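Report on the structure given below.
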Number of protein chains: 2
Amino acid sequence: MARAKSSTIAEQLNGGRLGLTAADRKLSAALMADYPVAGLASISDFARVAGVSTPSVLRFAKKLGFTGFPTFQQALRGEVSAQLQNPIEKPEQWSSKAPRGHILNTLASAAMENLGNSLRHIDHHTFDDVCRLISDRQRTVHIVGGRITGHLAGYLHTHLQMARAGVRLVPGSVSHWPQHLLDVSEEDVLVVFDVRRYDARVQEFAASARQRGARIVLITDQWMSPVSRLASQTLALRMDVPSGWDSNVVTMFVAEAIVAAVVNENWKATRERIREIDLYFEGGRRGR
Amino acid sequence: MARAKSSTIAEQLNGGRLGLTAADRKLSAALMADYPVAGLASISDFARVAGVSTPSVLRFAKKLGFTGFPTFQQALRGEVSAQLQNPIEKPEQWSSKAPRGHILNTLASAAMENLGNSLRHIDHHTFDDVCRLISDRQRTVHIVGGRITGHLAGYLHTHLQMARAGVRLVPGSVSHWPQHLLDVSEEDVLVVFDVRRYDARVQEFAASARQRGARIVLITDQWMSPVSRLASQTLALRMDVPSGWDSNVVTMFVAEAIVAAVVNENWKATRERIREIDLYFEGGRRGR
DNA sequence: CCCGCTTTGTAACGATCATTTCAGATGGAC
DNA sequence: GTCCATCTGAAATGATCGTTACAAAGCGGG
């Protein structure tokens, strides 16, 4: 019976040297999701969490080279014990599963680089100004995006709505834009997402809003949408990735950061607002 | 479920506020000698290691405020889990303009940590399987998400459409779902985004699709949507941030990675497709 | 489309575990 | 030295767990 070659079960699983079946992978994922504690519960609990049957867990343990589930657990306990003695060496020994050169790794390092570069180039005063503008309850906030960035606009909209009233998403279909424009009044804020392949329609909309007296906040890429000429604040992000398209990971990050900042600004009110929203969402509550 | 007064069992024991008997002290010592792993074995093992009888262990657990030994173990597991999550304090000195402690930096290190942790836990075989499924031109790909993740679903949809035909976004309004369900046929793929505050409707939709013979690919968080039981592939991501909400930066990353992988699979065809799409987008071309 | 293989879950079993009961042990007070 | 209160462990219990056997389901190759 194969005694474990790797020192930890995690390594063995990550190594991919064992032919893992679908059930095995579910178990592996569940175990990794809360490693190694997930495997320290009873076999039936572990099976339930992973969504497989108990025998599958047993086969899993045997495939890893153990004689039974208790033996498997014993090994896990040993790992916990070892890990807790010297918590310092942890980051090193666990490295990404995907082999070097795997697309996940390539893109991940690109994403990290983008995030770092973007932060380096964003003036945090500008960022704070943006957040202050958006936090201002006196102003209605309008959000607009293009074909791709429209989804980010929607994401920002959904979250901002939880933080404050008076947030409006400019709909995706251009035909509704004229009516929407009428709602834009002086002192309002228009958040524009516009990245490469800059959308002429978005630009026109921004120009019109500007004429009606709205302040424009622009979130764009390093090549700068022409909307920047209209904007009172511009956040230029890096979104280079080796994949044919630009990456909006950083855009998403900034959207979330804005939300977090706005929420921070007035946490009490937001909390109350969320509570109320929750009341209307009676269904579909779950999760620990 | 009786909850401990102190945050950890160790604190309670060291506090000395409980009248410990001789057997209790033996147990306490044994537990501390290999904390908390010693307490994770079976009650009889623990008793043997401490040199006491099993009932003494039980009384010990009850004295600590638990209803029984399993409850006690559960608490210990919780502590291990918490302890193993924290001690990663790795964000290097990447010089950002924003001052240390600025929300941008706080969130950025959280985002990087999430990305790292997610990569560490994703089985890249699973990821490859997902991409292979989605690349399969024989299968129609359906994408669905909840209130928040719907935007991610939309983002993925828009991009996948550029890569291949037969990609359908399940609309946001639940009332249209029944009709859409009819379009789901055997051998199709349903990509489900479902993160905490798991959406019961999404779950129902996935169940119905499953019954119609579709393969389910789930993108969820580390706490695992219940949809995972229906899914043939599950990608569990980390999305913890210190901001009241979970972060979908990593979700966005994975969506983009999937697109990149699918495009890679058949770059020629995709390129041709994009060229054609561009022909229909005569307006709004600009950029570098 | 049918066949074989592999994978998976259901159901039964035996084993271990967690718990209770109760009798013996311990230790201090008088 | 005796008594009582408390603590402790042996033994018995019911419950749960881990394991096995087997049948159904899924998946590829002919």
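Here is the naming used below: chain letters follow the sequence lines, and residue numbers restart at 1 for every chain. These numbers come from a predicted model, not from an experiment.
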Has [X] got a side-chain N or O lying under 4.0 Å from the OP1 or OP2 atom of [N]?
X: A:Ser53; N: C:dT8; answer: no
X: B:Lys62; N: C:dA18; answer: no
X: B:Ser42; N: C:dC17; answer: yes
X: A:Ser44; N: D:dC17; answer: yes

Can you tell me how far [atom2] of [N] sits from [atom1] of [X], to the nearest Å?
X: B:Asp129; N: D:dC27; atom1: CG; atom2: C1'; value: 14 Å
X: A:Leu40; N: D:dC17; atom1: CG; atom2: P; value: 15 Å
X: B:Leu58; N: C:dA18; atom1: CG; atom2: P; value: 9 Å
X: B:Phe72; N: C:dC17; atom1: CZ; atom2: P; value: 16 Å
X: A:Arg59; N: D:dG18; atom1: CZ; atom2: C1'; value: 13 Å
X: A:Arg48; N: D:dG18; atom1: CZ; atom2: C1'; value: 15 Å
X: A:Phe60; N: C:dT6; atom1: CZ; atom2: P; value: 21 Å
X: A:Phe69; N: D:dG18; atom1: CZ; atom2: P; value: 6 Å

Which nucleotide in the set [options] lies at the smallest distance from any side-chain heavy atom of [X]?
X: B:Thr21; options: D:dC7, C:dT8, D:dG18; answer: D:dC7
X: B:Pro55; options: D:dC17, C:dA18, C:dT20; answer: C:dT20
X: B:Thr54; options: C:dT10, C:dT8, C:dT19; answer: C:dT19

Pick the nucleotide of DNA chain D nearest each of A:Pro70 and B:Ala22; which residue has the one closer to the 5' end?
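First, find each residue's nearest nucleotide; the 5'-ward one identifies B:Ala22.
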Test item: side-chain donor near acceptor, A:Thr21 and A:Asp24, under 3.5 Å:
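Looking only at side-chain atoms, A:Asp24 and A:Thr21 do form a donor-acceptor pair, the distance falling under 3.5 Å.
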Residues B:Tyr198 and B:Asp221: side-chain donor-acceptor under 3.5 angstrom
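Yes, because at least one side-chain N or O of B:Tyr198 sits under 3.5 Å from a partner of the opposite role on B:Asp221.
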Between B:His157 and A:His151, ring centroids under 6.0 Å
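No, the ring centres sit 6.0 Å or more apart.
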Would the distance check show the side chain of B:Gln73 and the main-chain N or O of B:Ala41 forming a donor-acceptor pair, the cut-off being under 3.5 Å?
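Yes; at least one donor-acceptor contact below 3.5 Å.
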Closer than 3.5 angstrom, by distance alone: can the side chain of B:His176 be matched with the main-chain N or O of B:Gly172 as a donor-acceptor pair?
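Pair absent, no side-chain N/O of B:His176 close to backbone of B:Gly172.
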Would you classify A:Lys26 as touching base, sugar-phosphate or nothing, given that sugar-phosphate means primed atoms plus P, OP1 and OP2, and contacts are heavy atoms under 4.0 Å?
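The residue A:Lys26 makes no contact with any strand.
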